[in-house]
Every structure is written in C-alpha cells, then in structure tokens.
Number of protein chains: 2
Amino acid sequence: MARPAPALLDRDRLIAAAFAQLEEDGLDGLSMRRLATRVGVQAPALYWHFSDKAELLGLMAREIYAAAYAAVPPADDWQTWLGQFGRALRRSFAAHRDGARLCAAASPALSGEPASHAEGIAAPLVTLGLDQKRALACQAVVISFTLGWESFKANGPMREFLRQMMDFDATFETGLDALVRGLA
Amino acid sequence: MARPAPALLDRDRLIAAAFAQLEEDGLDGLSMRRLATRVGVQAPALYWHFSDKAELLGLMAREIYAAAYAAVPPADDWQTWLGQFGRALRRSFAAHRDGARLCAAASPALSGEPASHAEGIAAPLVTLGLDQKRALACQAVVISFTLGWESFKANGPMREFLRQMMDFDATFETGLDALVRGLA
DNA sequence: CAACTTGACTTAACACCGTTAAGTGGTCAA
DNA sequence: TTGACCACTTAACGGTGTTAAGTCAAGTTG
C-alpha cells in the first residue's frame with residue numbers, strides 16, 4: 001500500500017469536504033467515516049488533523065459566524081448595523097443544511113486570545129458609538145434570536161402547521177426589527 | 001381484548017426516568033440502553049412504548065414547553081404576558097440539564113390537532129386583544145429568542161470569556177424587554 | 001551512504017449506539 | 001383447555017467516535 005508522498009489532507013480542505021458532506025447528508029450524516037471516505041482516506045487519519053469531531057464542528061461553526069460578520073455592509077448607526085448583522089447571520093445559517101443546528105450544537109473555535117477576539121467582534125459597534133460591553137451584549141441578543149429562530153423554524157412546536165400559517169421570513173424580520181428598535 | 005397485566009413500564013414513568021437520566025448524564029448520556037437499565041429492563045422493551053428515540057425526545061420537549069405555559073401568571077396586557085412567558089420558558093429550559101439543547105434538537109410532540117392546539121396556545125394572547133396570527137407570531141419570536149439564548153449561553157462563541165464579562169441573566173432580561181417593547 | 005527521526009497515514013480493535021426480528025411466558029377471554 | 005395478546009427477552013445488524021500500534025516515504029544527521 002504505497003502512499004503518495006505529499007500530504008493531501010489539511011484542515012482547510014477537510015473543512016470544505018465536511019461542508020460538502022453536510023450539504024449532501026445533513027448533520028446526522030456527517031460522520032468521521034463518511035468524511036474520511038469522501039477525501040479518500042481511512043477514518044483515523046482525520047485524528048491527525050483534528051483532536052476530535054467536536055473540534056471539526058467547532059471550526060465549521062466558526063466559519064459560519066465568520067461569513068456572517070464578513071457580509072455585514074458598513075452602516076451609519078449601530079441600529080442599522082445590528083439589523084444587517086442579524087440578516088447576514090440568518091443568511092449564513094441558511095447557506096448550509098442544518099447550519100443553525102450545527103451552530104447550536106458545536107462550540108465555535110475562536111482564533112487567538114478571547115479578549116482580542118472580543119475586541120475585534122465588538123469593533124464595528126464600538127466605532128458607531130457603543131461601549132464594548134454593550135456592543136457584545138447587543139450582539140449576543142441578536143445572535144440568540146437568529147440562532148433560535150432557525151432552530152425553531154426547523155424543529156419548534158407546530159412547525160408544520162405554522163409553515164402554512166405564517167411567513168417565516170417576514171416574521172423573522174418583524175422580530176429582528178422589534179429587537180433592534182427595543183434596544184435603542 | 002385482554003385486560004393488560006400490571007405493566008412494568010408506561011410512557012409517563014419512562015419520561016420521568018428519562019428526565020432523571022438527563023439530569024445525571026446530560027443529553028449525550030441519554031441513550032436508550034441506559035434508560036432501559038435505569039428502569040430495570042432491556043433496551044428493546046422501550047420500543048414497545050415509543051416508536052423511536054425521537055418520539056421520546058419529542059415528548060420530553062413537549063413537557064418542557066407545557067411546564068412553561070403552565071407557569072405564566074395571568075396578565076393584564078399582552079406585553080406583560082409575553083414577557084412573563086419568556087421568563088417562564090427560560091426557567092423551564094434551565095430546569096433540566098441541556099434543556100434548551102434538547103428542545104432545539106427534538107420536535108415537540110403535540111397533543112391533538114395542530115389547529116386546535118394552535119388555538120389553545122394562542123388563547124392567552126387572543127384574550128388580551130391580539131388576533132391569532134399575531135399571537136402565534138409573537139410567541140414564535142419570544143420562543144426563538146429564549147431558545148437561542150440558552151443555546152448561545154451554553155455553546156456560543158466566546159462563551160467562556162463572556163461568562164466573566166457579562167451578566168447573562170440581566171442581558172437576557174434586557175433582550176426580552178427590548179423584544180416585547182419593540183413588538184408594541 | 002547509512003542510520004535515525006518525523007509526518008501522515010494504515011489496519012485492527014474497543015465500547016458504545018439505535019433499531020429490528022424472533023422468541024417467551026404470564027394473563028386473560030372463550 | 002385453548003388460544004390470543006401484552007410486555008418483555010435474547011440475539012443480532014450495521015453504524016458511531018475514538019485509540020493503539022504498525023507502516024512506509026521523506027528529510028535530517030553522523
């Protein structure tokens with residue numbers, strides 16, 4: 001069993017493959033063995049690159065959050081920014097099958113020191129006049145609502161009934177708007 | 001039809017045992033085998049009482065929601081009711097280990113017809129002046145926020161850092177208050 | 001050049017998991 | 001007494017995350 005010399009597995013490639021696997025088979029179908037098969041390798045090889053499955057999921061979750069932050073357009077006031085952030089986050093959740101479920105189940109890995117990471121996260125709102133503590137609190141609130149909304153939409157009580165009865169997109173907008181207005 | 005012999009197991013007893021198991025070992029430790037062992041039975045016996053694990057989890061989730069609804073005190077206006085509902089729901093999630101995670105992962109079973117169930121759910125708010133559609137939308141929004149908050153608290157980005165940096169209870173209150181005020 | 005180390009994977013195995021099929025015995029109606 | 005039926009048992013299937021130990025190419029060093 002001769003092996004190709006140059007390593008063809010690395011974290012980024014594996015995470016991309018994991019997202020592809022997620023799209024195809026959902027979160028429940030995302031197993032280490034299937035991921036390994038997809039990239040042409042045996043399952044234990046993955047443990048060379050990740051300490052365990054939780055780390056992989058954490059990195060995936062981080063990517064979902066990062067994509068949301070990257071997609072927020074510049075804003076003139078913090079209320080506008082918060083609203084845009086909520087919408088971007090929702091789009092980011094929805095961009096992957098079971099995206100919200102993944103983020104609810106995994107602890108996103110964070111790059112670097114928590115304190116400096118927090119600073120970076122809070123920066124857009126701090127620039128617009130909020131102090132850091134309040135900036136983080138506002139984001140926590142919006143993240144919670146958005147994460148909860150997508151979870152609720154997928155699994156909440158009476159979801160089948162509600163699906164016929166209400167416009168999920170519009171109601172999310174209503175809720176997000178209420179939240180941001182109420183925070184002012 | 002033969003009168004049933006004294007059944008060793010029944011749904012209610014099993015659900016209670018499942019909650020006890022949840023408290024001890026968390027959601028990941030709640031397996032059919034362990035639950036069976038706890039009630040002194042072999043694992044496949046559970047499948048006489050539940051079609052599968054999802055049904056069991058769904059019934060548990062239903063109980064968590066039901067406890068929340070039952071705990072909402074009477075209110076004079078719908079804003080007050082909504083706020084109290086949010087607080088009650090949060091307490092209900094927090095009353096069980098991994099309560100929010102369970103509710104995010106399971107589809108709560110609903111008793112009876114969806115339409116009549118929806119009517120019952122909406123009733124408190126309808127009494128206070130909202131039409132049913134808006135009543136359900138408001139509840140969906142509050143449930144989402146609360147569910148998301150508890151998920152976020154358990155798993156969100158920088159949770160360790162944030163735990164030192166902010167008062168989760170107070171911030172939840174801020175968010176809930178903003179949400180309810182914004183809905184008016 | 002030979003020996004040693006290291007990186008990146010392999011095979012084998014462990015201890016679980018949810019779930020199904022088939023068997024078993026006690027309790028009832030006829 | 002017979003037979004149905006409830007509620008459970010044993011056995012097994014195919015899957016899971018994960019660890020231990022082995023393997024072999026490439027790079028480093030004596």
Side-chain angles (χ1 to χ4, degrees), chain A residues 1-22 24-61 97-98 101-102 104-107 109 155, chain B residues 1-22 24-61 97-98 101-102 104-107 109 155:
Chain A
M1 316 280 174
R3 267 175 298 283
L8 284 189
L9 259 48
D10 63 281
R11 278 169 162 254
D12 289 346
R13 192 190 292 263
L14 282 171
I15 292 170
F19 271 114
Q21 186 70 39
L22 183 69
E24 278 179 28
D25 297 331
L27 188 56
D28 296 331
L30 176 52
S31 77
M32 297 302 261
R33 285 173 213 265
R34 307 237 294 225
L35 174 57
T37 301
R38 163 180 286 270
V39 297
V41 114
Q42 297 304 116
L46 303 178
Y47 289 81
W48 181 260
H49 302 276
F50 306 108
S51 69
D52 52 21
K53 189 183 183 180
E55 187 182 8
L56 169 63
L57 295 179
L59 289 162
M60 295 175 76
R97 165 127 85 128
D98 291 331
R101 237 180 93 202
L102 194 165
S107 334
N155 256 338
Chain B
M1 283 297 168
R3 260 282 306 285
L8 226 143
L9 266 41
D10 64 279
R11 279 169 161 252
D12 290 346
R13 259 195 62 189
L14 283 171
I15 292 170
F19 272 115
Q21 185 71 38
L22 183 68
E24 278 180 28
D25 297 332
L27 188 56
D28 297 330
L30 176 52
S31 77
M32 298 302 260
R33 285 172 211 263
R34 294 196 6 183
L35 175 57
T37 300
R38 162 179 287 269
V39 297
V41 115
Q42 297 305 116
L46 302 179
Y47 289 82
W48 181 261
H49 302 274
F50 307 108
S51 69
D52 53 19
K53 189 183 183 180
E55 187 183 7
L56 169 62
L57 295 179
L59 288 163
M60 294 176 76
R97 165 126 86 124
D98 292 331
R101 237 182 93 201
L102 194 165
S107 333
N155 257 338

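Everything numeric here is computed off the predicted structure, so don't read it as measured data.
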A.B. asks: Choosing from dT10(C), dC17(C), dT19(D), which nucleotide comes nearest the side chain of Y47(A)?
C.D. replies: dT19(D)
A.B. asks: Report the distance from atom CG of L35(B) to atom C1' of dC8(D), rounded to the nearest whole Å.
C.D. replies: 15 Å
A.B. asks: Can you tell if the side chain of L56(B) reaches within under 4.5 Å of the side chain of L35(B), non-hydrogen atoms only?
C.D. replies: yes
A.B. asks: Kindly indicate whether the side chain of L30(B), heavy atoms from C-beta on, has any atom under 4.5 Å from the side chain of L57(B).
C.D. replies: yes
A.B. asks: Check this one for me: any side-chain N or O of H49(A) less than 4.0 Å away from OP1 or OP2 of dG7(C)?
C.D. replies: no
A.B. asks: Starting from P on dC8(D), measure out to CG on D10(B) and report it in whole angstrom.
C.D. replies: 9 Å
A.B. asks: If you define the side chain from C-beta out and look only at heavy atoms, does anything of R34(B) sit under 4.5 Å from D25(B)?
C.D. replies: yes
A.B. asks: State, to 0.1 Å, how close A43(A) and R33(A) come at their nearest heavy-atom pair, and which atoms those are.
C.D. replies: CB-CG, 3.9 Å
A.B. asks: Between dT19(C), dA20(D), dC9(C), which nucleotide gets closest to the side-chain atoms of P44(A)?
C.D. replies: dA20(D)
A.B. asks: Mapping R33(A) and W48(A) to their closest nucleotides on DNA chain C, which lands nearer the 5' end?
C.D. replies: W48(A)
A.B. asks: Keeping R101(B) on the side-chain end and L27(B) on the backbone end, is there a donor-acceptor pair under 3.5 Å?
C.D. replies: no
A.B. asks: dT19(D) C1' sits how many Å from L46(A) CG, rounded?
C.D. replies: 14 Å
A.B. asks: Applying salt bridge (charged side-chain N to carboxylate O under 4.0 Å, His left out), which residue pairs with at least one partner in residues 45-58 of chain A are found, sequence neighbours left out?
C.D. replies: R11(A)-E55(A)
A.B. asks: In whole angstrom, give the distance that lies between atom CD of Q42(B) and atom P of dT19(C).
C.D. replies: 17 Å
A.B. asks: To the nearest angstrom, how far is F50(A) atom CZ from dC9(C) atom P?
C.D. replies: 12 Å
A.B. asks: Any side-chain heavy-atom pair from F50(B) and I15(B) closer than 4.5 angstrom?
C.D. replies: yes
A.B. asks: Round to the nearest Å and state the distance from M32(B) atom CE to dG14(D) atom C1'.
C.D. replies: 17 Å
A.B. asks: Please determine whether a side-chain nitrogen of the Lys or Arg among R38(A) and E24(A) lies less than 4.0 Å from a carboxylate oxygen of the Asp or Glu.
C.D. replies: yes
A.B. asks: For D28(B) and dG17(D), give me the distance from atom CG to atom P, rounded to whole Å.
C.D. replies: 13 Å
A.B. asks: Can you check whether R97(B) reaches L102(B) side chain to side chain, under 4.5 Å on heavy atoms?
C.D. replies: no
A.B. asks: Show the distances under 3.5 angstrom between N or O atoms of the protein and N or O atoms of nucleotides 22-25 of chain C.
C.D. replies:
none

A.B. asks: Any residue in residues 51-60 of chain B with a heavy atom nearer than 4.0 angstrom to DNA chain C? Just list them by number, or reply none.
C.D. replies: D52(B), K53(B)
A.B. asks: Within this structure, what is the CZ-to-P distance between R11(A) and dC9(C), rounded to whole angstrom?
C.D. replies: 14 Å
